[in-house]
Student: 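Handing you this structure, nothing more for now.
For this chain, numbers begin at 1 and follow the sequence in order.
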Amino acid sequence: MASTSDILTFSDDEPPAGETPWVVRPSVAPIDVVGADPSWPVAYAKVADRVRNALGARALQIEHVGSTAVPGLPAKPVIDVDLIVASSADEDAWCPALERAGFTLTVREPWWHEHRMLKLADPLAHLHVFSPDAPEPWKHRVFRDHLRRDSADRDLYAQTKREAAELATNGEETMMEYNARKQAVIRDIYARAFRSAGFAA
């Protein structure tokens, strides 16, 4: 497991000079935040089954994260999933099997916890791949569980997402720019989530 200090630390580092996270660069498209859909957990189960069938015991842990994992929270209709494998850097051990199962490797970030992200078209999903000691999946779970419990922060985040989506769409911004618009509110919610989970006083 990641250390508490790593879980509490956020990294905003840019890619090293000459590097890009994009294996497949996304096109600019409208960012659509829709009302909560009770079918999202069913879609997650389909994605998780596909990952398990592809990887077997190599899938150490699979978690539904992000806004579609929080009942009642508006979200982009994309299922976010965290996958833990023995070594996310060792792509040969897990990536070909997922690609055969219909996933496409889209992001590679060796400088950021050896994160990889793959896309699935149906159901539409983003699969985030990490190693067991990466702090980010722990952050995701703390944030998800806090929003499931705390209606005030859930409402705050819903409002922030809608406003950021409208501004990003009107400005023809990328998903990364949309995420940057939400960052200050997300960090405030994280501070409360960490305290609630006992990671911080």
Side-chain angles (χ1 to χ4, degrees), residues 1-11 21 23 36-71 73 75-150 154 157 179 186 189-190 193-200:
M1 175 180 169
S3 69
T4 298
S5 62
D6 286 341
I7 293 170
L8 294 174
T9 300
F10 291 93
S11 172
V23 178
D37 187 334
S39 72
W40 284 335
V42 176
Y44 159 72
K46 292 178 180 178
V47 177
D49 284 347
R50 187 175 295 204
V51 172
R52 291 188 190 97
N53 289 337
L55 294 183
R58 288 171 288 175
L60 301 181
Q61 190 167 32
I62 306 171
E63 288 277 344
H64 188 189
V65 296
S67 295
T68 63
V70 180
L73 182 62
K76 302 183 305 296
V78 181
I79 307 300
D80 279 301
V81 180
D82 279 351
L83 167 65
I84 307 300
V85 296
S87 172
S88 54
D90 184 8
E91 293 180 17
D92 289 344
W94 53 266
C95 194
L98 289 173
E99 290 177 328
R100 289 192 294 271
F103 293 87
T104 300
L105 180 64
T106 305
V107 171
R108 178 187 290 118
E109 297 179 289
W111 55 87
W112 188 68
H113 313 300
E114 291 289 354
H115 169 246
R116 271 67 171 169
M117 193 269 281
L118 297 89
K119 287 188 177 181
L120 181 67
D122 186 20
L124 187 58
H126 291 170
L127 181 66
H128 302 273
V129 185
F130 294 98
S131 300
D133 59 351
E136 203 64 19
W138 291 99
K139 288 187 177 75
H140 293 169
R141 278 173 260 179
V142 168
F143 194 77
R144 175 199 66 191
D145 293 349
H146 177 75
L147 291 179
R148 286 174 174 175
R149 292 187 300 264
D150 192 301
R154 189 165 60 245
Y157 191 40
N179 289 334
I186 288 174
I189 295 174
Y190 258 119
F194 286 146
R195 287 195 295 271
S196 179
F199 282 106

Student: Do the side-chain N and O atoms of Ser87 and Ser131 include a donor-acceptor pair separated by under 3.5 angstrom?
Tutor: no
Student: Quick one: side chain to side chain donor-acceptor pair (under 3.5 Å) partners of Asp145, sequence neighbours excluded?
Tutor: none
Student: What's the separation between atom CD in Glu91 and atom CG in Leu105, rounded to the nearest 0.5 Å?
Tutor: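 If I round to the nearest 0.5 Å, the distance is 5.5 Å.
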Student: What is the distance from atom CZ of Arg58 to atom CG of Asp90, rounded to the nearest 0.5 Å?
Tutor: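 Rounded to the nearest 0.5 Å, the CZ-CG separation comes to 10.0 Å.
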Student: Give me the atom names and distance for the closest heavy-atom approach of His115 to Phe130.
Tutor: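 Smallest heavy-atom distance, with atoms named: CD2-CZ, 3.4 Å.
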Student: How close do Leu60 and Ala86 get, heavy atom to heavy atom, and via which atoms?
Tutor: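 It is CD1-N, 3.7 Å.
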Student: Evaluate the side chain to side chain contact (heavy atoms under 4.5 Å, CB included) criterion for residues His140 and Glu63: first the C-alpha distance (whole Å), next the side-chain angles of each, then the deciding distance (0.1 Å), finally the verdict.
Tutor: CA-CA 9 Å; His140 293 169; Glu63 288 277 344; over 6 Å; no
Student: Going from CD on Gln61 to CG on Asp82, what distance comes out if it is rounded to the nearest 0.5 angstrom?
Tutor: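 So the CD of Gln61 and the CG of Asp82 are separated by 9.0 Å.
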Student: Kindly give the heavy-atom pair with the smallest separation between Pro132 and Val85, and that separation in Å.
Tutor: CD-O, 3.1 Å
Student: In plain terms, say whether Lys46 and Asp49 are close enough for a salt bridge, that is, a side-chain N and a carboxylate O under 4.0 Å apart.
Tutor: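 Result for this pair is no, no salt bridge flagged.
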Student: Are any of the side-chain heavy atoms of Ile62 and Val81 separated by less than 4.5 Å?
Tutor: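 A side-chain contact exists here, since the closest heavy-atom pair is under 4.5 Å.
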Student: To the nearest 0.5 angstrom, please state how far the CG atom of Leu55 sits from the CG atom of Leu83.
Tutor: 6.0 Å
Student: Do you know the tightest heavy-atom contact between Ala2 and Pro135?
Tutor: CB-CA, 3.5 Å
Student: Is any side-chain heavy atom of Ile186 less than 4.5 Å from a side-chain heavy atom of Asn179?
Tutor: no
Student: If only atom types and distance count, is the side chain of Arg148 paired as donor or acceptor with the main-chain N or O of Ala69 below 3.5 Å?
Tutor: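 Between the backbone of Ala69 and the side chain of Arg148 there is a qualifying donor-acceptor contact (under 3.5 Å).
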Student: Measuring only between side-chain heavy atoms, which start at C-beta, is Phe103 closer than 4.5 Å to Val51?
Tutor: yes
Student: Of Phe199, Trp138, Tyr190, which is the lone residue that meets side chain to side chain contact (heavy atoms under 4.5 Å, CB included) with Leu8?
Tutor: Phe199
Student: Of all residues at least two apart in sequence or in a different chain, which pass the side chain to side chain donor-acceptor pair (under 3.5 Å) check with Arg50?
Tutor: none
Student: Give a yes or no answer on whether the side chain of Lys139 reaches the backbone of Thr9 with a donor-acceptor pair at less than 3.5 Å.
Tutor: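 Flag set: sc Lys139 to bb Thr9 pair under 3.5 Å.
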Student: With the side chain counted from C-beta on, respond yes when Trp111 and Ser11 share a heavy-atom pair under 4.5 Å apart, and no when they do not.
Tutor: no
Student: Quick one: does Arg154's side chain have a donor or acceptor within less than 3.5 Å of a partner on Leu147's backbone?
Tutor: yes
Student: With the side chain counted from C-beta on, respond yes when Trp112 and Val107 share a heavy-atom pair under 4.5 Å apart, and no when they do not.
Tutor: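 Sidechains of Val107 and Trp112: no contact.
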Student: Mind checking whether Leu118 and Val129 have side chains closer than 4.5 Å, heavy atoms only?
Tutor: yes
Student: Could you measure the distance from the CG atom of Leu73 to the CG atom of Asp37? Nearest 0.5 Å is fine.
Tutor: 12.5 Å
Student: Considering non-hydrogen atoms only, spot the tightest contact between Leu120 and Gly102 and give its length.
Tutor: CD1-O, 3.6 Å
Student: Would you list the pairs meeting ring pair (Phe, Tyr, Trp, His ring centres under 6.0 Å) in which at least one residue belongs to residues 39-62, sequence neighbours left out?
Tutor: Tyr44-His64
Student: Which atom pair, heavy atoms only, marks the closest approach of Val47 to Pro123?
Tutor: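 In terms of heavy atoms, the two residues are closest at CG2-CG, 3.6 Å.
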Student: Between Ser196 and Asp150, is any pair of side-chain heavy atoms under 4.5 Å apart?
Tutor: no
Student: To the closest 0.5 Å, what do you measure between NZ (Lys119) and OG1 (Thr104)?
Tutor: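 Interatomic distance, Lys119 NZ to Thr104 OG1, rounded to 0.5 Å: 9.0 Å.
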Student: Is a side-chain N or O of Ser3 found less than 3.5 angstrom from the main chain of Asp6, in a donor-acceptor match?
Tutor: yes
